[in-house]
Amino acid sequence: MSLAPFIHAMGRGPSRARSLTREEAGEAMRLILAGEAAPEGVGALLMLMRYRGEIAPEIAGFVDAMRARLAPWQGLTPALDWPSYAAGRSRGLPWFLAAARLVADAGYPVLLHGWNSHQNPVADVRAALGAFDIPLTRSPDAARQALVERGIVYVPLEDLDPEIFRLLRLREILGLRSAVNTSCRMLNPGGAAASVQGVFHPSYRELQQDAGALLGQRDMIVLKGGGGEFERHPGKPIALYGLRGGQAFEITANPLWDHARRLADPAADPEHLTAVWSGQRHDPFAEVTITGTAAAALLCLGAAETMSEAEDQARTLWSARKPARAA
């Protein structure tokens, strides 16, 4: 079977074209990942979907097919799934990694996974893992051990599934992101009950909220974050879209910083990550970025009833952090 029926359904013209059903999207992605689809068809399908605007059932179908290939990873059962698939052109140091470390130290095992394109040395996620003692592992057994011993792990997408990785990298050929980017954020390879997700374009908050509901995600928070990562800007009110017990909600997190500043300002040396974590340098903006992001994650996990309570918890965790981990 080729992708032609799915391309035909989406590309028939303004009055007759339609989006795919979840089942159709799942079958199309299964064909693609199995290597049974012509590359011309893959490009046509993804770009038609982008042109029309991807919808939640299509994302859910794509994720269904992707997850079917991730069985070895689905027994990890971390408390929190934390995808990282943003580009780094518009962001600075990856302070969200420190937030993930705080959440893990609070007793909630965190599975980070991803791949980031167009990254400069300042924003390089993988290069910054060591600053917060976050191990990078490449097999389910190693990831399971890291979650037990350290409470946190990062798994590269290319090790989760090379075919999904190859498909994501079609952006380099097509010149545009596709629904694959959205789907990777929804992967949740370890089957965590809670998931946090960042987006760059605000419209994707509701899309991912709706797709999460279709996929049976119990608890989730999506926000427009720094460069598209799950990283809360402390100087702005931030809308949080999500699921609590499978039910949709939307709240606004109030600002924690009263001075104008972008997350990417000023350009900083990556060594600043270690220096701030260890207490050698004091950076109030970085600290409220970290604790504000950790608070949103703690709220997602149900560790607090309100954002205010979660922020108090995050500040306590920051004060009690173990700087020796960054050595």
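Note that the coordinates shown come from a computational prediction; the quantities given were computed from them, not determined experimentally.
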- Task: May I ask you to decide whether D133 forms a salt bridge with R150, counting only side-chain N to carboxylate O separations under 4.0 Å?
- Result: yes
- Query: Any donor and acceptor pair, going by atom type alone, linking the side chain of E58 with main-chain N or O of L20 inside 3.5 Å?
  - Reply: yes
- Query: Does a side-chain heavy-atom distance below 4.5 Å link I152 with P135?
  - Reply: yes
- Spell out, as yes or no, whether a donor-acceptor pair under 3.5 Å connects the side chain of Q209 to the backbone of G242. yes
- Query: Quick one: are the ring centres of F285 and W257 less than 6.0 Å apart?
  - Reply: yes
- Query: Which of these passes side-chain hydrogen bond (donor to acceptor under 3.5 Å, both in side chains) with Q197: R205, Q208, R185?
  - Reply: Q208
- Item | Carboxylate-amine/guanidinium contact E163 R169, below 4.0 Å | no
- Report yes if some heavy atom in the side chain of I238 is under 4.5 Å from a heavy atom in the side chain of T252; otherwise report no. no
- Check whether V199 and L176 end up in the same hydrophobic cluster, where Ile, Leu, Val, Met, Phe, Trp and Tyr are linked by side-chain heavy atoms less than 4.5 Å apart. no
- Could you walk me through whether R281 and E287 pass the salt bridge (charged side-chain N to carboxylate O under 4.0 Å, His left out) check? CA-CA 11 Å; R281 296 180 194 169; E287 291 175 18; over 6 Å; no
- Message: For residues 219-229, which residue pairs pass the side chain to side chain donor-acceptor pair (under 3.5 Å) check, not counting sequence neighbours?
- Response: S84-E229, N116-E229
- Message: Between D64 and R22, is the salt bridge (charged side-chain N to carboxylate O under 4.0 Å, His left out) condition met? List the steps.
- Response: CA-CA 9 Å; D64 288 337; R22 179 175 179 175; 2.7 Å; yes
- Query: Shared ILVMFWY cluster between W95 and V110, side chains joined below 4.5 angstrom?
  - Reply: yes
- R321 NZ/CZ over W318 ring centroid, <6.0 Å and within 45° of normal: yes
- Note on the structure: From the list Y85, W73, Y154, ring pair (Phe, Tyr, Trp, His ring centres under 6.0 Å) with H113 holds only for Y85
- F165 and L160: same hydrophobic cluster, using ILVMFWY side-chain contacts below 4.5 Å? yes
- Task: For atom CD of Q247, decide whether the heavy atoms of other residues, nucleotides or ligands shown that lie under 6.0 angstrom number more than 12.
- Result: no
- Do the side chain of H233 and the main chain of G235 share a donor and acceptor less than 3.5 angstrom apart? yes
- Query: Quick one: does T137's side chain get under 4.5 Å of V155's, heavy atoms only?
  - Reply: yes
- Query: Does some side-chain heavy atom of V196 sit less than 4.5 Å from a side-chain heavy atom of M220?
  - Reply: no
- Task: Flag this pair as yes if the NZ/CZ of R177 is under 6.0 angstrom from the six-membered ring centre of Y204 and inside a 45 degree cone about the axis; otherwise no.
- Result: yes
- Is V276 linked to V103 within one hydrophobic cluster, defined over Ile, Leu, Val, Met, Phe, Trp and Tyr using a side-chain heavy-atom separation of less than 4.5 Å? yes
- Task: Identify whether L33 and M186 are in the same connected component of the hydrophobic contact network (ILVMFWY, side-chain heavy atoms under 4.5 Å).
- Result: no
- Message: Show the nearest heavy-atom pair for residues P189 and L70, with the distance to one decimal.
- Response: CB-CD1, 4.0 Å
- Task: Compute the centroid of each ring, for H272 and then for W277, and state whether the two points are separated by less than 6.0 Å.
- Result: no
- Message: Surrounding OH of Y51 (heavy atoms of other residues, nucleotides or ligands, distance under 6.0 Å), is the total greater than 12?
- Response: no
- Taking C-beta and beyond as the side chain, do T289 and R232 meet within less than 4.5 Å on heavy atoms? no
- Query: With side chains defined as the heavy atoms from C-beta onward, is the minimum distance between D81 and L112 less than 4.5 Å?
  - Reply: no
- Would you say R50 and S178 make side-chain contact, with heavy atoms under 4.5 Å? no
- Note on the structure: Applying salt bridge (Lys or Arg N to Asp or Glu O under 4.0 Å) to R244 and not counting sequence neighbours gives none
- Message: I'd like to check R67 versus Q74 (side-chain heavy atoms, cut-off strictly below 4.5 Å). Are they in contact?
- Response: yes
- Begin from the C-alpha positions of L170 and V180 and carry the test side chain to side chain contact (heavy atoms under 4.5 Å, CB included) through to its verdict. CA-CA 9 Å; L170 285 180; V180 177; over 6 Å; no
